[in-house]
Amino acid sequence: MSKFRSNRFYMIISIMLLVVCMFLQSLSWILHSMGMEKVETPLRMTSYILFAITLIGLAYIFDREFQKGRRETEQKLTFSRIAFSLAADYESVYYINTENDSYIEYGNVSSEDEGLRILSSGEDFFLDTKKNSRVMIYEEDMARFQKVFNKENLYKAFENSEIINLDYRLLKEGKPYYYSLKVTKGSGEDDKYIVVGVKNVDARVRAEMETQNAVEEGVTYSKIALALASRYEVLYYVDIITGEYAEYSSSYEYSKLEIGSKGKDFFGETQENMKKDIYPEDYPMMAETMRQDNFIEAINKQDMFSITYRLMLNGKPEYVKLSAVRPKDDDRHIVIGVANVNETVQKEEEYRQKLDNAMDMANRDGLTGVKNKLAYNIFEKKMNSKIEGEDKPSFAIVVCDLNNLKRVNDTRGHSSGDDYIRAACRIICHTYKHSPVYRIGGDEFTIVLQGEDYDSRDILLAQLREQIEYNRDDGGVIIASGMHVFDPSVDQSVENVFEKADFEMYKNKKALKASE
């Protein structure tokens with residue numbers, strides 16, 4: 001028996017015992033008035049004993065519910081701390097909605113913070129970024145930053161599920177500092193979002209620059225070159241004019257890909273080998289990228305670029321990163337390195353999933369599992385932006401309010417009140433299967449109708465009210481409801497629509513109470 005059914009069973013038994021106690025007390029008073037003290041006294045003692053047993057049972061139920069609530073609170077705290085720890089590697093994490101370009105910036109301001117904190121938000125991420133980049137991006141990096149980090153490029157990568165990495169310099173107090181950003185696609189319910197993580201890598205980059213300077217000066221050149229090359233599973237040295245190439249592989253798995261140690265047509269052989277080596281979903285992207293004209297055009301524009309994709313190794317797909325660079329003072333050759341980044345990508349995927357889950361949890365009502373007041377406020381802000389635009393959205397709002405919740409809490413306890421709320425939520429969600437449901441108050445729910453549910457709005461409201469009429473006869477949950485359809489010629493905001501739906505709900509509530 002589940003905890004829910006067990007508690008319900010105990011509550012039913014307790015109520016039955018209370019009824020028996022009341023009956024015995026009443027009977028004892030009747031016997032007392034008839035002068036039958038000998039029978040009255042045992043009955044009264046029996047009622048006292050049953051009352052004491054009932055009190056003990058109720059105390060047990062309340063203690064179980066208290067412990068359950070405490071465990072749920074501890075779980076939420078733990079989840080929040082996990083998200084905070086994962087985000088600690090980044091100064092800022094931007095959560096961008098690809099449907100309207102709105103965004104929220106999360107970050108942990110200090111080590112004393114208890115979790116992710118909203119640092120800022122806006123309606124147009126790309127417009128705000130463009131404005132800020134003009135004053136914050138180091139001048140020498142401006143063109144490259146705007147070329148890579150723009151709406152068209154990010155959305156193209158979003159559609160192909162690519163991961164974009166970009167290093168650049170930011171000006172702080174007039175001095176340039178190296179930063180790195182990583183762009184990934186959301187998953188699950190948040191697959192319409194782009195997640196951008198930004199972190200300070202100034203110390204690492206400057207250390208790498210010192211190493212590079214040492215290489216250029218000829219200090220232990222060969223050892224340093226070998227150390228850098230060891231990061232790659234395979235390296236190619238390609239003549240882009242003749243197509244001739246040499247391959248250097250340090251990994252047995254990659255040497256089995258049947259690419260010769262030397263060859264005369266790097267791009268032609270690569271196209272053939274990719275047909276059997278590339279993960280099928282990534283093949284179209286890589287076939288286009290590795291076309292000779294596209295590849296040379298990309299290297300001419302950037303001097304260095306990279307792309308992440310999947311190779312079939314030992315019968316399973318693994319993420320690899322291809323990096324291409326033009327050697328200094330050598331326009332004829334390019335160096336291509338392929339590194340296995342499967343473990344890194346998987347960790348990033350786990351981090352992103354946990355961050356998505358943490359954000360989703362922050363927008364969920366703990367009792368019912370539907371969206372909460374915070375989520376409704378975010379929706380309201382986004383929808384108001386659309387209402388202010390030229391293309392007016394089509395939507396309706398349904399407001400629902402629970403009747404008799406206070407009576408249930410007062411007579412049967414808050415545990416039964418919670419059950420009452422959950423039962424009402426199930427009815428609402430069952431009726432509006434294709435619409436987001438928000439719990440915006442203790443006994444108040446709001447549903448936003450668009451698409452299929454919007455088209456069937458009148459039928460669905462009638463079905464909901466028909467169910468409530470049935471519940472009235474059957475002793476079930478009673479829900480008052482009201483709906484209003486957005487009228488762009490009259491309504492100026494979501495709040496206008498909500499207020500009119502709320503008014504209709506109170507009319508329905510009054511009618512329900514009048515017929516009780």
Side-chain angles (χ1 to χ4, degrees), residues 4-5 8 189 363-373 375-376 379-380 382-383 386-387 392-409 412 416-488 490-491 494-516:
F4 169 77
R5 291 181 178 176
R8 186 176 181 182
E189 292 185 2
N363 291 325
R364 292 282 173 185
D365 174 52
L367 179 65
T368 62
V370 299
K371 295 178 183 291
N372 59 17
K373 177 69 172 177
Y376 181 76
F379 151 78
E380 184 176 12
K382 293 176 181 177
M383 187 61 77
K386 294 181 180 180
I387 291 173
K392 307 296 183 183
S394 297
F395 72 99
I397 286 180
V398 177
V399 175
C400 293
D401 191 89
L402 278 59
N403 285 11
N404 306 325
L405 178 60
K406 185 177 185 303
R407 185 192 304 170
V408 173
N409 282 328
R412 294 159 55 189
S416 294
D418 290 345
D419 293 341
Y420 194 82
I421 293 170
R422 281 190 285 260
C425 184
R426 284 194 294 271
I427 293 172
I428 294 169
C429 292
H430 178 75
T431 303
Y432 298 101
K433 296 183 178 68
H434 309 291
S435 300
V437 177
Y438 303 85
R439 185 186 178 204
I440 61 173
D443 57 357
E444 191 171 7
F445 292 84
T446 296
I447 309 96
V448 180
L449 307 185
Q450 291 182 288
E452 183 176 339
D453 282 0
Y454 175 79
D455 295 337
S456 305
R457 57 190 179 275
D458 294 325
I459 297 174
L460 294 176
L461 183 63
Q463 289 177 354
L464 176 62
R465 291 182 172 178
E466 183 180 345
Q467 176 64 47
I468 299 310
E469 288 298 324
Y470 174 81
N471 287 0
R472 293 176 65 189
D473 298 333
D474 197 44
V477 175
I478 305 301
I479 306 169
S481 57
M483 179 179 69
H484 182 71
V485 179
F486 169 66
D487 183 352
V490 178
D491 300 318
V494 173
E495 185 177 3
N496 296 151
V497 183
F498 177 89
E499 289 173 349
K500 293 173 182 177
D502 197 48
F503 177 77
E504 294 297 323
M505 181 274 294
Y506 274 106
K507 287 169 57 179
N508 181 239
K509 178 183 273 293
K510 186 176 180 180
L512 288 171
K513 286 188 175 294
S515 59
E516 285 183 353

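Asn372 and Tyr438 get closest at one heavy-atom pair: O-CD2, 3.7 Å.
In this structure a side-chain-to-backbone donor-acceptor pair under 3.5 Å is missing from Tyr506 to Ala480. Remark: the backbone N or O of Asn496 is not paired with any side-chain donor or acceptor of Asp491 at under 3.5 angstrom. A donor-acceptor pair under 3.5 Å is absent between the side-chain atoms of Arg422 and the main chain of Thr368, judged by distance alone. Side-chain N or O atoms of Arg465 include one that pairs as donor or acceptor with a backbone N or O of Ser481 at under 3.5 Å. Of the possible donor and acceptor atoms, one in the side chain of Arg439 sits under 3.5 Å from a partner among the backbone N and O of Gly441.
Atom CG of Leu461 is separated from atom CE of Met483 by 5.0 Å, given to the nearest 0.5 angstrom. Note that OG of Ser394 is 12.0 Å distant from CG of Leu449, once rounded to the nearest 0.5 Å. With values rounded to the nearest 0.5 angstrom, Asn403 atom CG is found 9.0 Å from Arg472 atom CZ. The CG atom of Leu405 lies 11.5 Å from the CD1 atom of Ile479; values are rounded to the nearest 0.5 Å.
The environment of NZ in Lys392 is crowded: more than 12 heavy-atom neighbours from other residues, nucleotides or ligands sit within 6.0 Å. By the 6.0 Å contact criterion, CD on Glu499 is enclosed, its count of non-hydrogen atoms from other residues, nucleotides or ligands being greater than 12. Within 6.0 Å of CD on Glu469 lie more than 12 heavy atoms contributed by other residues, nucleotides or ligands.
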